[in-house]
Amino acid sequence: QVQLVESGGGSVQAGGSLRLSCVASGSTISNVYVGWFRQAPGKEREGVAIISTNGGTTYYADSVKGRFTVSRDNAKNTLYLQMNSLKPEDSAKYYCAARCFVQNGAIWSASYWGQGTQVTVSS
């Protein structure tokens, strides 16, 4: 029922910043965990960040801790990912997701997915 649409991707130089947004429609996302995943060519999908229903708890992949910040605005049914100090290895297609799952403190998967937005970081 829920549709997710990402925006904000693009090409940046290493050390730069991007802010991704994801707008949900068709259903509220206020009662589920939401987050971001990414996948680069030749690599497995990686969980990047997840945020709890009220935004009080977050989970991050070790590779992005201290550089990325996930947030949400339930009134606007919107999810965000602020990406700072970007590195070439951050280049990937980024997907927002709803009904995300965390197991043993690790980001696992999700039930609903957006179409993705490309992020390319040049050295």
Side-chain angles (χ1 to χ4, degrees):
Q1 285 291 115
V2 64
Q3 294 83 49
L4 305 171
V5 180
E6 306 96 333
S7 63
S11 298
V12 298
Q13 191 172 351
S17 298
L18 284 174
R19 180 178 170 87
L20 306 183
S21 299
C22 175
V23 178
S25 61
S27 181
T28 179
I29 60 171
S30 63
N31 60 342
V32 297
Y33 282 38
V34 293
W36 296 90
F37 293 75
R38 67 186 182 186
Q39 187 167 27
K43 299 183 66 176
E44 294 184 353
R45 183 186 65 198
E46 175 187 24
V48 176
I50 288 178
I51 187 167
S52 62
T53 54
N54 64 356
T57 304
T58 56
Y59 305 86
Y60 294 96
D62 288 342
S63 59
V64 307
K65 286 181 179 177
R67 300 187 298 118
F68 290 12
T69 303
V70 63
S71 61
R72 65 190 297 170
D73 186 337
N74 286 339
K76 297 180 179 179
N77 238 20
T78 301
L79 172 70
Y80 305 96
L81 184 67
Q82 179 67 47
M83 305 185 294
N84 298 325
S85 301
L86 283 163
K87 305 175 181 179
E89 51 262 46
D90 294 319
S91 296
K93 193 167 187 178
Y94 284 70
Y95 300 86
C96 65
R99 200 173 175 84
C100 300
F101 303 100
V102 179
Q103 294 187 5
N104 300 124
I107 299 169
W108 184 243
S109 191
S111 297
Y112 303 98
W113 302 86
Q115 77 288 344
T117 185
Q118 182 67 42
V119 172
T120 302
V121 184
S122 60
S123 60

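FYI, the numbering just counts along the sequence from 1.
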Side-chain heavy atoms nearer than 4.5 Å, only ILVMFWY residues, links allowed to pass through others: does that put [X] and [Y] together?
X	Y	answer
Y112	I51	yes
V34	V70	yes
L79	Y95	no
V32	V2	yes
V48	Y33	no

Using a 3.5 Å distance criterion without hydrogens, assess whether the side chain of [X] forms a donor-acceptor pair with backbone atoms of [Y].
X	Y	value
N104	A106	no
E44	Q39	no
E6	C96	yes
S30	T28	no
D73	T78	no
N74	T53	yes

Once side chain to side chain contact (heavy atoms under 4.5 Å, CB included) is applied, do any residues pair with K43, and if so which ones, sequence neighbours excluded?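 Once residues adjacent in sequence are excluded, the partners of K43 under the side chain to side chain contact (heavy atoms under 4.5 Å, CB included) criterion are A40.
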
Taking only residues two or more places apart in sequence, or in another chain, which ones meet S11 in a side chain to side chain contact (heavy atoms under 4.5 Å, CB included)?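 By the side chain to side chain contact (heavy atoms under 4.5 Å, CB included) rule, S11 matches T120.
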
If you round to the nearest 0.5 Å, how far is [atom2] of [Y] from [atom1] of [X]?
X	Y	atom1	atom2	value
C22	W113	SG	CH2	11.5 Å
L86	Q13	CG	CD	11.5 Å
K87	S122	NZ	OG	15.5 Å
R99	S109	CZ	OG	12.0 Å
W108	I50	CH2	CD1	11.5 Å
Y94	E46	OH	CD	8.0 Å

Do F37 and I107 touch side chain to side chain, with heavy atoms closer than 4.5 Å?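 Yes - at least one pair of side-chain heavy atoms lies under 4.5 Å apart.
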
Taking the side chain as every heavy atom from C-beta outward, state whether S111 and F101 have any atom pair closer than 4.5 Å.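 Sidechains of F101 and S111: in contact.
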
Any idea which heavy atoms bring [X] and [Y] closest together, and the distance?
X	Y	answer
R38	D90	NH1-OD1, 3.0 Å
G47	A61	O-CB, 3.3 Å
K93	Q115	CE-O, 3.3 Å
V119	G9	CG2-CA, 4.2 Å

Would you say the side-chain atoms of S17 and N84 include a donor-acceptor pair closer than 3.5 Å?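 Yes.
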
Walk me through whether M83 and L20 qualify under side-chain contact (heavy atoms from CB on, under 4.5 Å). CA-CA 8 Å; M83 305 185 294; L20 306 183; 3.8 Å; yes

